[in-house]
Amino acid sequence: MNTNIKNHLTSEDVNVWFGERHVLKNVSLQFPNRQVTALIGPSGCGKSTFIRTLNRMHELIPSAGFAGKVLLDGDDIYGESVDPVTVRAKIGMVFQKPNPFPTMSIKDNVLSGMKLSGTKITNGEELVETSLRRASIWNEVKDRLGEPALSLSGGQQQRLCIARGLAMSPEVLLMDEPCSALDPGSTRRIEETILELKEQMTIVIVTHNMQQAQRVADQTAFFLSEDGNPGHVVEFGTTDQVFNMPVDARTNDYVNGHFG
Amino acid sequence: MANTIDLSPVARPKTATPWTRTSPAQKLSYAAAVVVPAGLYALYMVLTGADLMSGLFTIFLPLQILVGMLAGILTYGKKGIMDALLYVVTIFFSAFVLVLLLSVIWSLTEAGLKAISPHFFYQNNNYVQVNTSLEYGGVGHAILGTVLIVGVSALITVPLAIATGVFLTETRSKTRGVIRTLLQAMSGLPSVVAGLFVYSMLIVTGVTQYAGWAGAIALIPLMLPTVARVTEEALRLVPVELRNGALALGAPAWRAFLQVTLPAARTGILTAVLLGLARVIGETAPLILTTLPGNGTNLNIFEGPIATLPTYIYYYISVGFDTSIQRAWGAALVIMILVAILFTSARLVARPVGQFRKKGK
Amino acid sequence: MTAQAPEKIPPRLKLVVKPTTVPDKIFFGISTAAGYSSIVLVSLILLFLIIRAWPAFASQNIFDFMFAAGWDNAAQPPIFHIGAMLWGSLLVAGLGVLFAIPMAISIAYFIEFMAPKAIAKGATVLVDFLAAIPSIVLGLWGFTVLSPVAAEWAAMLNKSLGFIPIFANGDANFQRSPFIAGIVVSVMIVPIIASITREIFSQMDQELIKGSLALGATKESTFRRVILPTASGGIVGGVLLGLGRALGETVAIFYVLNVIYDDFNWFNILEPRGGSIASLILAKFGEATSDEIPALMAAGVVLFVVTLIISSIASYIVAKAQPWRKN
Ligand SMILES: Nc1ncnc2c1ncn2[C@@H]1O[C@H](COP(=O)(O)OP(=O)(O)OP(=O)(O)O)[C@@H](O)[C@H]1O
Ligand SMILES: [Mg+2]
């Protein structure tokens, strides 16, 4: 891996339990600045769980347990004096299912992050436009900003959710299977958006789509949970290496589709 | 000839649901099972001069069961007997409840309309004696009193109930189960006990005389469980993804609640409030123990006699004159109209919530 | 490169989700306080009633107070015994439940398993609407409309089954009896039992029912052997909720029951004499002497405790029977 790129976000020995069940074991990954990292692996291996530890959404699950460190610019976001609310404002998240706020207009959805975090909005119109542009949805919605967000299609809703996150100018963007509910056209547009966004921020994306990982990701981590053991990282490296010359036989099987 | 296939749609035939087919013999026995008992019972009524209700259980029901079972045997053989019994009993009792309800509504309308005229809604009962003709006086003062007392009570109860709903859905307190059970149990609180409570807490202790606001306080424990539990349901129907979406944007819990969860649940909460109002608007006993009846209009809930619709009905029935009972019917109709308005709006409002409605299993 | 999982696992952190900022503390503080307010409310009710009732508990033999009959504020010393009222309340509520059960289960079965969708929907609305009718209105209706009809039924029962003591009546009067009060009360509690039963029916495993029918069972035996046993827990809970409501009902009974304070009516349900704690309170409160008020408070305490116990058991059972309502 290219070591002269500064690591923006780092996980050190992240462990997760749900109740007494050990779900993730010693996950240590580095997410360099301005790179896209893909998390891949079979269903149930803990990808979503891991990505939720990166902005402290994990602890909102009642039975959640956690050990390890997640460093943002060298500071542990699980540190004693750290307020999870500020962490989440810095690290944006896009969910698998588009979840625009149904009671708000398109415009208000974009500004919702500012309102929800109590940030003063100085130049709302401009912020709305730039955020929507960066999420490549501006042209489709610029004439209907006042309409309810639910009037958009699923793919547009998802890009609206991305715009909503971008309006907060996050340093890191976490995406958990952002395209799994979308058609191929919308998927392509979101991939293009990711490639544009990566110029400005660190992106972590969970995907089940091998081609997608190869198209957008600079580096890839392969998660696996075998025989009820906790999930862990089997292989982590550049996307090219993980897909084309995997070290581990299990990685090879998985990326080539030979996996139970 | 086989080359041209007609692809245009054809009207659906009447026989498109062959599985519901009934043979003429079956139809006949069904019809007989319905008509014969009714006919025989009508005959009985004509012969003995009995009225419709008197022999309902002793004559009509056994007759209907017997004939129904016979029809069952004829159509399905022995197996049909018990099914026929189930059908007859179920429909009979369901219809009986409907009859009770219709009877209530019918007598309210019939007797109530006799008492009601425009002035009945806005006049008060100053200068009205118990036997004064219905051309004078009305329930205007009682409507105002009810609106005031129920309104003040709602002003306190609704925020409390919504906050309770928040406690039950947004926190992880271990006592939530206990509180939920207690709320359910509280919905069975005898209303007379609520009245005694306020009487002993506020009136005996001299905090206040009998007054409207004491009545408003007495309604709180009666209204709280309904509003809190329906609010909880409404909040629970808001998808967790929305909450998480707000929190992931860096929202503190209170902002996420006020700006995302609450607006998303607003119609459900409005339903809760309307149902709560409908629940207490007719409460009588608590108000008898905490307010004094008045004939005049009183807009001061802190002092003086204040009439409400339910206590108005109560006192006018107790007096027992024909005109006073008629007034009671009139007031009962007014209360029922208010309840029906609340009930209908609760239903109408509840509809759009369908977007989050839980699917069955 | 392959991640070699080091065996050492770092110490588990304590993930307490606590409000960190002041507004959040206020937000959760308020809602927690509100949550506890129902405990406070119930405790306050008990506390004030008991304090005010104390003189009565002190002056009347508690055993007599609860289980003997007699109410005389002019006697020296005054007699305040609620045994007959307590029994009367139980009798009326029991009859109400007895009458309500067949109606409620029929309606629930009709709505869930027999009626076409549109009719089922309409019937559900009507049942809910029945629940919304204020008890004073039902009292007025029961007093003027139902009583004469029900008295006819009662007379018929008496004529044909009068040799059974329950249906005996030494009086020619069939009005204002526990039987009639029971019917009025049953109208109030049918919706309670029906809506809980209906919900249980609707959440029932359809496969179970289809399976039974597929095995050749009739609808009736499916109902008796499969549906009722599976739903029985919830129905019992609903019935207890109804019982609690019936015990506490005040004004609807007030007009249709002739309350006799100094004698028990153990089981002559057609006779025009009965008892009701709630009616006692309502009837005596207006002209109560200063000794009498504490006795009425004490009656209220008894009523409250009895209904609270029954309703709590009921809510517990209903919650158990409706697991889909849990978080
Ligand atoms: N809220 C929860 N409570 C208890 N266990 C959970 C919870 N969420 C996830 N798990 C468990 O943790 C493990 C990892 O789940 P996770 O959702 O992270 O998998 P995933 O890799 O994202 O799978 P998928 O590709 O299907 O989304 C699974 O075994 C799952 O059962
Ligand atoms: Mg996942």
Side-chain angles (χ1 to χ4, degrees), chain B residues 53-54 57-58 79 82-83 85-86 89-91 93-94 96-98 100-101 103-104 107 160 163-164 166-168 170-171 173 179 181-186 188 190-193 196-197 200-201 204 221 224 252-254 278 282 284-285 288-289 310 313-314 317 328 332 335-336 339 343 361, chain C residues 19 21 23-24 27-28 30-32 34-35 37-39 41-42 45 48-49 52 102-103 106-107 109-110 114 126 129-130 132-134 136-137 140-141 145 149 152-153 156 187 190 203 218-220 223 241 244-245 248 250-251 255 278 281-282 285 297 300 303-304 307-308 311-312 315-316:
Chain B
M53 296 303 276
S54 63
F57 287 91
T58 44
K79 268 174 92 179
M82 293 310 271
D83 276 3
L85 181 67
L86 179 72
V89 169
T90 311
I91 293 184
F93 279 111
S94 303
F96 184 65
V97 175
L98 183 68
L100 289 176
L101 178 64
S103 160
V104 174
S107 32
L160 192 62
T164 303
V166 174
F167 172 74
L168 292 176
E170 312 286 315
T171 74
S173 166
I179 305 264
T181 310
L182 194 65
L183 278 171
Q184 173 90 311
M186 243 169 109
S191 55
V192 73
V193 171
L196 279 182
F197 158 61
S200 61
M201 185 176 74
V204 176
L224 181 68
W254 68 280
T284 316
I288 294 171
L289 301 192
I313 301 173
Y314 173 83
I317 300 177
I335 259 198
M336 259 338 272
V339 168
F343 182 83
K361 268 199 306 197
Chain C
T21 58
D24 261 1
F27 174 69
F28 284 112
I30 290 178
S31 49
T32 307
S37 71
S38 43
I39 296 183
L41 208 50
V42 169
I45 294 174
F48 275 99
L49 289 188
R52 292 298 307 162
M103 294 192 257
S106 294
I107 284 253
Y109 184 84
F110 176 77
M114 282 171 71
L126 288 182
F129 187 67
L130 189 58
I133 299 180
I136 182 90
V137 174
L140 178 56
W141 169 80
V145 181
V149 178
E152 255 185 84
W153 293 336
M156 250 183 220
V187 178
V190 158
Q203 297 280 337
T218 59
K219 292 218 167 97
E220 182 271 341
F223 174 68
L241 272 187
R245 182 64 61 85
T250 316
V251 277
Y255 298 110
I281 297 171
L282 201 58
F285 190 82
M297 292 286 170
L303 182 62
F304 183 40
T307 50
L308 195 67
S311 306
S312 305
S315 345
Y316 178 78

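Below, read A as the first sequence line, B as the second, and so on, with proteins coming before strands; counting in each chain starts at 1. Everything numeric here is computed off the predicted structure, so don't read it as measured data.
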Measure distances from [X] to the heavy atoms of chain B and classify the residue's part below 4.5 Å as side chain, backbone, both or neither.
| X | result |
| --- | --- |
| C:Met103 | both |
| C:Ser312 | both |
| C:Thr32 | both |
| C:Phe285 | side chain |

Donor-acceptor under 3.5 Å (B:Asp83 side chain, C:Thr218 main chain): no
Report task. Tell me, please, which residues at least two apart from B:Ser191 pass side-chain hydrogen bond (donor to acceptor under 3.5 Å, both in side chains). Result ->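 With sequence neighbours excluded, B:Ser191 shows a side-chain hydrogen bond (donor to acceptor under 3.5 Å, both in side chains) to B:Glu283, given in chain and number order.
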Residue selection (most heavy-atom pairs with chain B, distance under 4.5 Å) from [options]:
| options | result |
| --- | --- |
| C:Leu140, C:Val187, C:Leu308, C:Val145 | C:Leu140 |
| C:Pro134, C:Ser315, C:Gly248 | C:Ser315 |
| C:Thr21, C:Val149, C:Leu126 | C:Leu126 |
| C:Gly244, C:Ser38, C:Gly300 | C:Ser38 |
| C:Ala278, C:Ala132, C:Pro23 | C:Pro23 |
| C:Ile281, C:Leu241, C:Ile30 | C:Ile281 |

Counting heavy-atom pairs under 4.5 Å with chain C, which one of [options] comes out on top?
| options | result |
| --- | --- |
| B:Val89, B:Val204, B:Leu183 | B:Val204 |
| B:Ala332, B:Ala163, B:Ser200 | B:Ser200 |
| B:Leu98, B:Thr181, B:Leu101, B:Val166 | B:Leu101 |
| B:Thr58, B:Leu182, B:Leu100, B:Val104 | B:Val104 |
| B:Ile288, B:Leu289, B:Ile335 | B:Leu289 |

Whatever's closer than 4.5 Å to a heavy atom in chain C on B:Met336 counts as side chain
When the 4.5 angstrom heavy-atom criterion is applied to B:Ser103 and chain C, the contacting part is both
Measuring from atom [atom1] of [X] to atom [atom2] of [Y], what distance do you get when rounded to the nearest 0.5 angstrom?
| X | Y | atom1 | atom2 | value |
| --- | --- | --- | --- | --- |
| C:Glu220 | B:Thr90 | CD | OG1 | 10.0 Å |
| C:Tyr255 | B:Ile313 | OH | CD1 | 8.5 Å |
| B:Glu170 | C:Phe28 | CD | CZ | 7.0 Å |
| B:Leu86 | C:Phe110 | CG | CZ | 12.0 Å |
| B:Trp254 | C:Asp24 | CH2 | CG | 8.0 Å |

Nearest heavy-atom approach of C:Gly35 to B:Ile179 is O-CD1, 3.0 Å
Heavy atoms of B:Met53 and C:Trp153 approach each other most closely as O-NE1, 2.7 Å
- Would you call the rings of C:Tyr109 and C:Phe223 parallel, tilted or perpendicular if under 30° counts as parallel and over 60° as perpendicular? perpendicular
- Query: Between B:Phe57 and B:Phe96, does the ring centre distance come in under 6.0 Å?
  - Reply: yes
